[in-house]
*Asks:* 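This is the structure I have questions about; it appears just below.
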Amino acid sequence: MDILTPTPTSSNAARNNNALQAVDVIIIGTGFSGLAMGAQLKRHSKASFIILERADDVGGTWRDNQYPGAACDQPSHLYSLSFRPNPDWSSVFSSQPEIWEYLRGTAREEQLMPHIRFRSEVSGAHWQEGSKTWTVKTTTGTYSSRILISAAGLLSEPKLPDIPGLDSFTGDMFHSARWNHDIPLTGKRIGVVGTGASAVQIIPAVAEEASHLTVFQRTASWIVPRPDRDYTPAEKGMFRKKPQTMETLRRRIFWENEERFAQRAAIPSLLAKATASALQHLQDQVSDPELRAKLTPSYEIGCKRILKSSDFYPALTRSNVDLVTDGIDRIEENSVITKDGTRHELDALVLSTGFEATEPPIAKRIHGRNGLALSQRWANGAEAYKTTSVSGFPNFFLLGGPNTGIGHNSQVYMFEAQIQHVLSALRYMSGNDLCMLEVSAAAEDDFRQSLDARAATTVWLTGGCSTWYVDPRNGRLTTLWPDYSHSFQEEIAPFDPKTYQSQVTTKRVADLVVAQ
């Protein structure tokens, strides 16, 4: 089996409907940002729209990542849409099935299902200069739209490790984001490559059923406790009866998280405090000095993603678990051979090796002016004005693209700020009978320089680590927002028409967004 083949999902999705070929807006993806964009169009717009989804159900990364132990590391009441609070979150940190069902409920209750075209993977999207429209080819048909919005995200395409002999492994092998539930792991010799965000959730779960688990660690992660607990029936009852209590809780969590950005800003006293806390967590849970040394990072805290786990360290102390830090040299048949020459025989290998974040594959399929692919436009690194618009790509917006990642707060909050910007842009187009809107190259350059100046002193560029947050092609911080989350809202949500070039149509066009 192809190790990147998606796990089949049970779908209650409506049948594909290809009768509608021309619409005002096309959205790519049904994760948080795609569904939220669709919901806002449904609530506030007269525009016709469709949402293209390559799978057979909604959910994006929360549909695809079905590995054992999958859960969110941000509190539930913040990691949810502001206009769709959920009083019934079962715990402080929600599990993957619960978040996936929340997204399914969003699609149903916001009446988005008739707009979604399932099993419709985008093979190419091209800007048509003459008609000022986008033509989008998919596996279920070709569509045309005035506006194209990519909500494909940065964590949608699994990244495979560059290990000699990887394809020759004779046991069962799959990526953590394409978990194969048809393969039983009980009683098997299992290897996990990686100790990042997914791996720290997978390893405790797999350790309980494996006869032996070998964890291959390239770089130790900074880990802090994950203070999870179930919400009581009384608490959930209060959330239902007094919805304002959820908003109050949401605000409190948000501002507590905001304080943590100061650590990433490389303020020495705060770095020292965060480091001491993480090291104490390691000390409390790992008594073996040799193992503890292997798990102690050699770079400044925050340079890579700070992970939350209270069961990862204990899992590594089990008698059936080995932590290997010598580095993988190659794979031969059913064995992973490390650089010290040791042969680790395995029945199954899990690749918890992240995603193609700095070079998202969807960028190869979107073509702007003169047929230029977005991947070519980003040949020296991804960038976008206010994280949403790219010069040379008219009537095109990005959600969850460059510089939208957040290491200390809720990603959903970032999506909603971007959506406000897009809605304002569409409202401006409608109010001024515009057939085309495109950000100027000068505005994009100014925005990039502003981000670079803010990023220069952060721990991501000064902390001494190699991180996927930084694009190796240019050394820029291209995936994360280098500032507080509230500054993202203040800076990204507003729309300034002076930074955009536009073209007026000769005829009245349909309203994209109802005026406020």
Side-chain angles (χ1 to χ4, degrees), residues 11-14 17 20 23-55 57-63 72 74 76-89 94 98-118 120 143 145-153 156 243 246-247 250 387-388 397-401 404 410-427 429-430 488-489 492-493 495 510-516:
S11 173
N12 57 1
N17 176 8
L20 180 61
V23 292
D24 293 317
V25 181
I26 290 177
I27 302 168
I28 303 173
T30 63
F32 260 107
S33 60
L35 293 178
M37 185 76 246
Q40 292 299 332
L41 288 177
K42 190 77 173 181
R43 290 181 176 209
H44 304 294
S45 172
K46 296 179 181 179
S48 58
F49 69 94
I50 59 172
I51 309 176
L52 301 174
E53 172 53 58
R54 65 183 178 181
D57 205 347
V58 304
T61 190
W62 293 106
R63 175 200 60 232
C72 188
Q74 285 296 324
S76 311
H77 283 284
L78 184 60
Y79 195 82
S80 47
L81 297 167
S82 63
F83 57 92
R84 286 190 57 81
N86 176 22
D88 295 315
W89 289 119
S94 300
E98 196 170 9
I99 298 173
W100 187 19
E101 187 51 43
Y102 173 84
L103 292 171
R104 284 170 149 176
T106 297
R108 293 191 302 268
E109 293 161 21
E110 296 292 333
Q111 301 178 31
L112 298 178
M113 297 301 282
H115 297 268
I116 301 174
R117 304 294 180 262
F118 290 102
S120 297
Y143 302 90
S145 68
R146 295 172 59 198
I147 306 296
L148 178 63
I149 301 173
S150 175
S156 60
M246 287 187 287
E247 178 58 30
R250 183 184 175 93
T387 73
T388 61
F397 299 97
L398 286 156
L399 301 177
T404 57
S410 172
Q411 189 67 59
V412 181
Y413 176 88
M414 313 294 273
F415 294 151
E416 292 200 60
Q418 287 188 292
I419 290 169
Q420 290 180 46
H421 180 93
V422 174
L423 289 174
S424 295
L426 299 186
R427 188 177 295 114
M429 291 183 71
S430 297
F488 188 90
Q489 168 70 34
I492 302 306
F495 172 79
D511 286 336
L512 290 169
V513 177
V514 177
Q516 289 182 323

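Worth saying up front: this structure is predicted, and the values here are computed from it rather than measured.
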*Asks:* Of all residues at least two apart in sequence or in a different chain, which pass the side-chain hydrogen bond (donor to acceptor under 3.5 Å, both in side chains) check with S145?
*Replies:* none
*Asks:* Over all heavy atoms of both residues, which pair between T106 and R84 is shortest? Give the atoms and the distance, please.
*Replies:* OG1-NE, 3.0 Å
*Asks:* Kindly compute the distance separating OG (S410) from CZ (F415), expressed to the nearest 0.5 Å.
*Replies:* 8.5 Å
*Asks:* When rounded to the nearest 0.5 angstrom, what distance separates CZ in R63 from CG in D57?
*Replies:* 7.0 Å
*Asks:* Test side-chain contact (heavy atoms from CB on, under 4.5 Å) on S45 and L426 and set out the steps.
*Replies:* CA-CA 9 Å; S45 172; L426 299 186; over 6 Å; no
*Asks:* Closest approach of S94 and W89, non-hydrogen atoms and distance?
*Replies:* OG-CE3, 3.0 Å
*Asks:* Given the side-chain rings of Y79 and F32, with only the six-membered ring counted for Trp, is the space between their centroids under 6.0 Å?
*Replies:* yes
*Asks:* Measure the spacing between NZ of K42 and CD1 of I51 and express it to the nearest 0.5 Å.
*Replies:* 9.5 Å
*Asks:* Can you tell me how far the CD atom of E110 sits from the CG atom of L41, to the nearest 0.5 Å?
*Replies:* 11.5 Å
*Asks:* Minimum heavy-atom separation for F83 and E416, please, with both atom names.
*Replies:* CD2-OE1, 3.7 Å
*Asks:* Before you tell me yes or no, could you show the steps for V58 and F118 under side-chain contact (heavy atoms from CB on, under 4.5 Å), namely the whole-Å CA-CA distance, both residues' side-chain angles and the distance that decides it to 0.1 Å?
*Replies:* CA-CA 8 Å; V58 304; F118 290 102; 3.9 Å; yes
*Asks:* Out of L81, L35, D88, which one pairs with Y102 under the side chain to side chain contact (heavy atoms under 4.5 Å, CB included) rule?
*Replies:* L81
*Asks:* Let me confirm one number: the CZ-OG1 distance from R104 to T30, rounded to the nearest 0.5 Å.
*Replies:* 11.0 Å
*Asks:* Can you tell me which residue among L52, L148, V23 is in a side chain to side chain contact (heavy atoms under 4.5 Å, CB included) with Y143?
*Replies:* L52
*Asks:* Check the side chains of Q420 and Q489 for a donor-acceptor pair under 3.5 angstrom, ignoring hydrogens and angles.
*Replies:* yes
*Asks:* Looking at side-chain heavy atoms only, is the closest gap between L112 and F49 below 4.5 Å?
*Replies:* yes
*Asks:* Grab the two heavy atoms, one from Q40 and one from I419, that are nearest each other, plus how far apart they are.
*Replies:* CG-CG2, 3.9 Å
*Asks:* Given R250 and S80, is the side-chain contact (heavy atoms from CB on, under 4.5 Å) satisfied, shown in steps?
*Replies:* CA-CA 10 Å; R250 183 184 175 93; S80 47; 3.8 Å; yes
*Asks:* Do the side chain of H77 and the main chain of M246 share a donor and acceptor less than 3.5 angstrom apart?
*Replies:* no
*Asks:* Any chance you could lay out the side-chain contact (heavy atoms from CB on, under 4.5 Å) test for F397 and M37, step after step, and finish with the verdict?
*Replies:* CA-CA 11 Å; F397 299 97; M37 185 76 246; over 6 Å; no
*Asks:* Where do I27 and G34 come nearest, in terms of heavy atoms and distance?
*Replies:* CG2-CA, 4.0 Å
*Asks:* Looking at CD of E53 and OG of S120, how far apart are the two atoms once the value is rounded to the nearest 0.5 Å?
*Replies:* 9.0 Å
*Asks:* Does the D24 side chain pair with the main chain of S48, one donor and one acceptor, at a distance under 3.5 Å?
*Replies:* yes
